[in-house]
Amino acid sequence: MTFADLGLSPEVLKAVEDSGYTQPTPIQEKAIPTVLMGRDVLGTAQTGTGKTASFTLPMIDILASGQTKSRMPRSLILEPTRELAAQVADNFEKYGKYSKLSMALLIGGVSFGDQEAKLDKGVDVLIATPGRLLDHFERGKVLLNGVKTLVIDEADRMMDMGFIPDVERIVSLMPPLRQTLFFSATMSKDMRKLADKFLMNPKEIEVESPSSTASTVTQGMVRVSRHEKRPALRAMLKDETVKNSFIFCNRKKDVDILLGSLNKHGFNAGALHGDMTQSSRMETLAKFKSGEIAHLVCSDVAARGIDISNVSHVFNFDVPMHSEDYVHRIGRTGRAGQEGHAYMLATKSDEKFLDSIYKTIGKEIPVITLDAMDDIKTEAREIAERSRNGKRGTSSRTSRRSDSKENEGRSSERNQTESRRAMSENKTPSNQNRRRRNKYDRDEDDTPVLGLGDHVPAFFNIQLKKASS
Ligand code: AMP
């Protein structure tokens, strides 16, 4: 089957040809004609399957007729993370280059001004994360009753991140007569129940078992102790087959710490996690794409859907606590039929997570031994020794040096937290919005709020009268 058989317009076909695609992927074959017919779609598909084009290509043709109105977008695509939203926007630009469609991208971390100016002019396509969209709605900057096509992408991720109430609210603001396309990498009972709320007589499309890992990815696992993790990772990174890599940690504070350690050991690495500003996240991703940064230490915010081809390795520095995350993480390598490698460092305490990963992927991950294991063990003993000495307060010169680097990581995290706090305590008229935005903007790997978080009860600010003597 060719793209021309799918019923797309000459403009879209030309853009597809320019992209170098010769054949539609299975999801494109199934979804494009259905979407063009105006039918709802319930799609089980992961990123990497060509899913984005399966809805953007027909949407471009559907939107070719009709007029834009100020603040009333004609279609809406909801994405769980800023990166995914930005990626979909790139796709619209690429495939829509011969069609005159206007688009706005509403994501957190960038200024409201430009987004509002676009909305005022009127847009055909609105691509948004739920929190930022609700912010604009509440400011009266966008109306959703003109939306005729709605895409809810990565619905399972939305559920994991606690966005479903926001999504339900957004859908309640739309006309019931609309076309809805609902995509999820997994289709659990809960997901189906949710989909039933939004869809009418959908065509079900499933293209790949959600738990399958690409056969082009060689997987392996190294059994280590906690202190062996960093030396083991460094040994693996030094292998000459490692051109570039995603290195996944479970917690964002560990991302900073590991980055500090890798940089200290001379690795060309950067970080990507939810506490970074949007501009530095974009900048880091661009540097990684261009090869300026070779290794990207990241939290799971980067695991979903980031579409970068030619990534030779994925390292799970931590065993993921949710088995599906394993599938998504290692899906960053071995894309589009290329060869990929995914290695994981597992400690004794990871057993129960490993069991659940094996269940999900339907097999065990082969255990490998590293040639440098003896050196790694020696280094780990030294690290353990230093950390014991450190705890006793009798740190050696080396331990002081390595600790100071780790503290740098921690202090940079503290600085970020402090600057976030400073922002939220800034008593500007938009302070209220900012606080609410913090709540909605949890499209990332949030850490639990400690103490009062950003909320300062009003009575804290009441001036007390001095007791008269
Ligand atoms: P997605 O699943 O939308 O994240 O797409 C994964 C990658 O596949 C992206 O880099 C697309 O540019 C690419 N792609 C999409 N459709 C095709 C196609 N028909 N042939 C080759 N590559 C494609």
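Whatever order the structure lists ligands and atoms in, that order sets their numbers, starting from 1.
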- prompt: How does Q87 reach ligand 1, by side chain, by backbone, by both or by neither, if only non-hydrogen atoms under 4.0 Å count?
  reply: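 For Q87, no heavy atom sits under 4.0 Å from ligand 1.
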- prompt: How does K94 reach ligand 1, by side chain, by backbone, by both or by neither, if only non-hydrogen atoms under 4.0 Å count?
  reply: side chain
message: Tell me the nearest of Y21, F55, F183, Y95 to atom 20 (N) of ligand 1, using heavy-atom distances.
response: Y21
Go through ligand 1 atom by atom and flag the ones less than 4.0 Å from a non-hydrogen atom of [X].
{"X": "T49", "value": "2 (O)"}
{"X": "G50", "value": "1 (P), 2 (O), 3 (O), 5 (O), 15 (C)"}
{"X": "Q23", "value": "18 (C), 19 (N), 20 (N)"}
{"X": "T52", "value": "1 (P), 3 (O), 4 (O)"}

query: Is the ring centre of H328 less than 6.0 Å from the ring centre of Y326?
result: no
query: Does any N or O atom in F3 lie less than 3.5 angstrom from one in ligand 1, N or O only?
result: no
message: Less than 6.0 angstrom from the centroid, inside 45 degrees of the normal: does R132 satisfy that with respect to the ring of F112?
response: yes
message: Cation-pi check for F246 against R329: NZ or CZ below 6.0 Å from the six-membered ring centre and within 45 degrees of the axis, yes or no?
response: no
- prompt: Does H341 offer a backbone N or O that forms a donor-acceptor pair with the side chain of Q219 under 3.5 Å?
  reply: no
task: Could I get the full list of salt bridge (Lys or Arg N to Asp or Glu O under 4.0 Å) partners for D318, not counting sequence neighbours?
output: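 Checked D318 against salt bridge (Lys or Arg N to Asp or Glu O under 4.0 Å); matches are K229.
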- prompt: With sequence neighbours left out, what residues match E168 under salt bridge (Lys or Arg N to Asp or Glu O under 4.0 Å)?
  reply: K197
